[in-house]
Amino acid sequence: MRTVRHILLAFNIALALLTTACRGDIVVYPAENEQHGDTIEGSMAGFYLLNEGNMGSNKATLDYYDFSTATYTRNIYSERNPHVPLSLGDVGNDLQIYGSRMYAVVNVSNKLEVMTADSARRIGQINIPNCRYLCFDGQYGYVTSYAGPVQIGKEHAQLGYVARFDTATLQILDTCLTGFQPDGLAIAAGKLYVANSGGYMLPDYETTLSVINLESFKEEKRIEVAPNLHYVVADNNGQLWVSARGNYGSRPSRLYCIDLATQTVTDSVCKPVDNFCIAGDSLCFFGQQFNWETMEDETVYGIVNTKTHELLTESFISDKTLLQKPYGITVNSATHEIYLTDAKDYVTPGMLYCIDGNGEVRWKVRTGDIPAHFAFVKK
């Protein structure tokens, strides 16, 4: 979810690190346990939270919350895999569980880290340059790739691609070219939809969604949406919801609805949208937009009904809890609690908040740096 502003900040941090220490000097912290909230019974054992860590710091970490004991464990990957050099790696960009395995996209380390879902023990890795997000279908996994290194500017631009790999062998089988700097992706109705961002090409961002035929694994068409697309999620009503970061000026961040039957944009949510998730027919989102009159960021915490497209609320937080930089979001489908993270200043530990159905914070806990991506574990 890093913007160009965040990438430039990360370059400065990386430069400072290079002048003071090599990667081998970076300290790997032991796991820490805390109890928060109440125990939860049901089909889910808990959830993992992938902390991105700022670019160049090699501080991507993995936390775990156990529903049966209400215990939050920080940095569980290093504890379970003490033999892995440099631990998880540099910038954790996505996290998914498929079958008995868990997959972490580690962006700047150019790899897809593969672990056991029940214990986070390392199985292996798939090497993919500047990888971003992933999804699964049948025996295959699909990963977006910017194809080249982190380089801002149109002169460095090259088309990105989606890599298809075998989940049994972890071998890359094929690739399909997309637009520039592809990010989020989703599978719906036999097609793979990929958000082309053009995020390194400011101010000339990409504006399209690639449509890929899964059988031929070829791009069929592109759907015009908005500048700098980011996340793509399919709902239960034959629709895709796509977020766009905008151009950080005249085109603000927004959320767009695409009808799968016609493959056209049919609606939009006229609120800033930085991240979102869908649970049932509820789409929970948050977004920040700078107010030039107050000279402060204004934050919206909204819920949209995906059937009616009605904006149900602009603040699912009812108490006075304030987040500095809301970053990651998911919903516990069993309890209807919303888990929301705060990246704070992007270089120090963040926070995880558990928000109940009344909009009140039930508990909160310190996380790693830039807490971002969730994955629920089945029993």
Query raised in the report: Step by step, would you call R132 with Q181 a side chain to side chain contact (heavy atoms under 4.5 Å, CB included)?
Result: CA-CA 9 Å; R132 304 294 292 180; Q181 290 89 53; over 6 Å; no
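Residue pairs satisfying the salt bridge (charged side-chain N to carboxylate O under 4.0 Å, His left out) criterion with at least one member in residues 117-131, sequence neighbours excluded, are listed as follows: E113-R122. Listed by first then second residue, pairs satisfying side-chain hydrogen bond (donor to acceptor under 3.5 Å, both in side chains) with a partner in residues 217-226 read K191-E220, T207-E224, S210-E219, N213-E220, E219-R222, K221-Q263, not counting sequence neighbours. Among pairs with a residue in residues 138-150, none fulfils salt bridge (charged side-chain N to carboxylate O under 4.0 Å, His left out), at least two apart in sequence or across chains. Every pair passing side-chain hydrogen bond (donor to acceptor under 3.5 Å, both in side chains) that includes a residue from residues 352-369 is listed here, sequence neighbours excluded: E32-R366, D38-R362, K59-D369, E337-R362.
When the ring pair (Phe, Tyr, Trp, His ring centres under 6.0 Å) test is applied to H309, the partners found at least two apart in sequence or on another chain are W241. In terms of the side-chain hydrogen bond (donor to acceptor under 3.5 Å, both in side chains) criterion, residue partners of Y72 (sequence neighbours excluded) are, by chain and number, D63. By the ring pair (Phe, Tyr, Trp, His ring centres under 6.0 Å) test, F180 is found to be paired with no residue, residues two or more places apart in sequence or in another chain being considered. S119 meets the side-chain hydrogen bond (donor to acceptor under 3.5 Å, both in side chains) test with T116; sequence neighbours excluded. Listed by chain and number, the residues in a side-chain hydrogen bond (donor to acceptor under 3.5 Å, both in side chains) with N130 are N107, Y200 (sequence neighbours excluded). Under the ring pair (Phe, Tyr, Trp, His ring centres under 6.0 Å) criterion, Y103 pairs with F136, F165, sequence neighbours left out. Residues passing the side-chain hydrogen bond (donor to acceptor under 3.5 Å, both in side chains) test with E34, sequence neighbours excluded: H36, R74.
At least one side-chain heavy atom of R254 sits under 4.5 Å from a side-chain heavy atom of P272. In this structure, the side chains of R245 and D183 come closer than 4.5 Å at one or more pairs of heavy atoms. Between F316 and L340, the closest side-chain pair of non-hydrogen atoms falls below 4.5 Å.
A donor-acceptor pair under 3.5 Å links the side-chain atoms of N196 to the main chain of T208, judged by distance alone. With hydrogens and angles ignored, the 3.5 Å screen pairs no side-chain donor or acceptor of N228 with any backbone N or O of N247.
Cluster partners of Y193 are L209, V211, I223, V225, L229, V232, L240, V242, Y256, I258, L260, V265, counting Ile, Leu, Val, Met, Phe, Trp and Tyr whose side-chain heavy atoms approach within less than 4.5 Å, directly or via other members.
Counting non-hydrogen atoms of other residues, nucleotides and ligands closer than 6.0 Å to NZ of K379 gives a total above 12.
Ring-plane geometry between F67 and Y339 is classed as parallel, the angle between the planes falling under 30 degrees on a 0 to 90 degree scale with a further cut at 60. In this structure, F217 and Y142 have tilted ring planes: the angle between them lies in the 30° to 60° band.
When every heavy atom of G280 is checked against every heavy atom of T306, the shortest pair comes out as O-OG1, 4.3 Å.
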